[in-house]
Amino acid sequence: MRKVVLTAAPQATAEVLREEILLRDGENSYLGSEDDLIERLGVSRPTLRQAARILEQENLLVVRRGVNGGLFCRRPDASAVTHATAVFLRSRHASVQEVFDTRLLVEVECAALAAKAPRAEREEAMRTVEGHDFHLAVARLSNNTVNVMFVDVLINVAESLRGGLTGHHSSPETDRAHARIRKAVLDGDADAAAARMRRHIEAAKDVVAAQAADLGL
C-alpha cells in the first residue's frame, strides 16, 4: 500500500484504500487497525477517519470499534445505486415506461444468452426462483456482471417510480410468463426465451400504463 500525498489528504487516503478494497476478494477482509493504517499510509488519525467516512458512504468499508476492531472491507449491493438512480431519474422526470423500455433492451438479450449457458448452470439457476429473483437469475446466466447490475437496478427503479402501480408483480400472469421463459431457457431455445421475455416485459409495461391512465397520472 503506497503512502498518501498530503494534498487533499482525506480524498487521497480514500482513493488508496478504495483500490486496496477493490483488489480484495472477500467480504469482511481485514484492512488493519487505525494505528496500523496511520503508520502504513503516513496520515493523521483525523485524515484516516475522514477517508473511512467517505468509504462507508460508498458501502465499501465497515469500521468496528473495541476488541478485534479495525477497518474491514465490504461489498456494496445494488441498493445504493438504485436509490441514487431513482432520485436522478425522478429529478429528470423520467417515466416508468422509459424504465420498462430500457429493461426490454437489457433483459431480452439476457434471456437469449441465458438459454445458451451450460445446461447444468441453467438447471440450477432456474430451479426455484420467482419474482425479482427470477429476472436476476436469468441475468446471471448471461455471464455478464454489468447485465446483472442493470437488471437489479432497473427493476428496483421501476418499483420506486411506479409507486402504487402494480404491473404484473406477484400475479398469476407473472407466474405463467416466468414458467414459459424458464422452459425456453431450460430447452436452450434462445429465440423463444428472448421472445417470451419481451412479451412479459411489454405486458407489464402495458398494465402499468393502463393503471396510470386510470389514475390520471
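Quick note: numbers below take in every heavy atom, side chains included, and nothing from hydrogens, waters or symmetry partners. What you see is a predicted model, and the numbers here were worked out from it, not measured in a lab.
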Is it possible for you to say whether [X] and [Y] belong to one hydrophobic cluster, with membership spreading through side-chain heavy-atom contacts below 4.5 Å?
| X | Y | answer |
| --- | --- | --- |
| L22 | Y30 | no |
| M149 | F88 | yes |
| V16 | F72 | no |

Just so I know, are the side chains of [X] and [Y] near enough to count as touching, which here means a heavy-atom distance under 4.5 Å?
| X | Y | result |
| --- | --- | --- |
| L113 | L141 | no |
| V62 | N28 | no |
| E107 | R198 | no |
| L61 | L31 | yes |
| H135 | M197 | yes |
| E109 | N147 | no |
| I21 | R75 | yes |
| L48 | L17 | yes |

Scan for side chain to side chain donor-acceptor pair (under 3.5 Å) pairs involving residues 111-123, sequence neighbours excluded, and state none if there are none.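 Listed once each, the pairs would be none.
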
If only atom types and distance count, is the side chain of S142 paired as donor or acceptor with the main-chain N or O of V138 below 3.5 Å?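 No, S142 side chain to V138 backbone: no donor-acceptor pair under 3.5 Å.
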
Nearest 0.5 Å, what's the [atom1]-[atom2] distance between [X] and [Y]?
| X | Y | atom1 | atom2 | value |
| --- | --- | --- | --- | --- |
| F150 | T85 | CZ | OG1 | 8.5 Å |
| D206 | I201 | CG | CD1 | 12.0 Å |
| T13 | I54 | OG1 | CD1 | 8.5 Å |
| E202 | L104 | CD | CG | 5.5 Å |
| R74 | N59 | CZ | CG | 4.5 Å |
| I38 | S44 | CD1 | OG | 7.5 Å |

Give a yes or no on whether D101 atom CG has more than 12 heavy-atom contacts from other residues, nucleotides or ligands under 6.0 Å away.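 For D101, atom CG is crowded (more than 12 foreign heavy atoms under 6.0 Å).
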
Taking atom CG as the centre, does D189 end up with more than 12 heavy-atom neighbours from other residues, nucleotides or ligands that are less than 6.0 angstrom away?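 Yes.
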
Contact summary for [X] and [Y], nearest pair of heavy atoms:
| X | Y | value |
| --- | --- | --- |
| A139 | V151 | CB-CG2, 3.8 Å |
| V96 | A158 | CG2-O, 3.8 Å |
| D36 | S33 | N-OG, 3.1 Å |
| A193 | A115 | CB-CB, 4.2 Å |
| F100 | A204 | CE2-CB, 3.8 Å |
| A190 | A112 | CB-O, 3.5 Å |

Tell me, with the steps shown, if E20 and R40 meet salt bridge (Lys or Arg N to Asp or Glu O under 4.0 Å). CA-CA 13 Å; E20 178 72 15; R40 288 159 60 193; 5.1 Å; no

Quick one, R64 with L71, criterion side-chain contact (heavy atoms from CB on, under 4.5 Å). Give me CA distance, side-chain angles, the key distance, then yes/no. CA-CA 6 Å; R64 296 175 187 156; L71 280 70; over 6 Å; no

Is the closest basic N to carboxylate O distance between D35 and R45 below 4.0 Å?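 Judged by the 4.0 Å cut-off on N to carboxylate O distance, D35 and R45 do form a salt bridge.
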
Listed once per pair and sorted, the salt bridge (Lys or Arg N to Asp or Glu O under 4.0 Å) pairs that draw on residues 130-157, sequence neighbours left out: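 Those involving residues 130-157 are E130-R182.
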
Run the side-chain contact (heavy atoms from CB on, under 4.5 Å) test on R103 and K205 for me, step by step, so that the C-alpha distance in whole Å, both residues' side-chain angles and the decisive distance to 0.1 Å come before the verdict. CA-CA 10 Å; R103 284 185 62 188; K205 178 186 172 184; over 6 Å; no

Residue pair K183, R180: steps toward the side-chain contact (heavy atoms from CB on, under 4.5 Å) verdict: CA-CA 5 Å; K183 183 177 187 306; R180 289 190 290 267; 5.9 Å; no

Any residue meeting ring-ring contact (aromatic ring centres under 6.0 Å, His included) with F134, in chain and number order, not counting sequence neighbours: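 In terms of ring-ring contact (aromatic ring centres under 6.0 Å, His included), with neighbours along the sequence ignored, F134 is linked to H178.
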
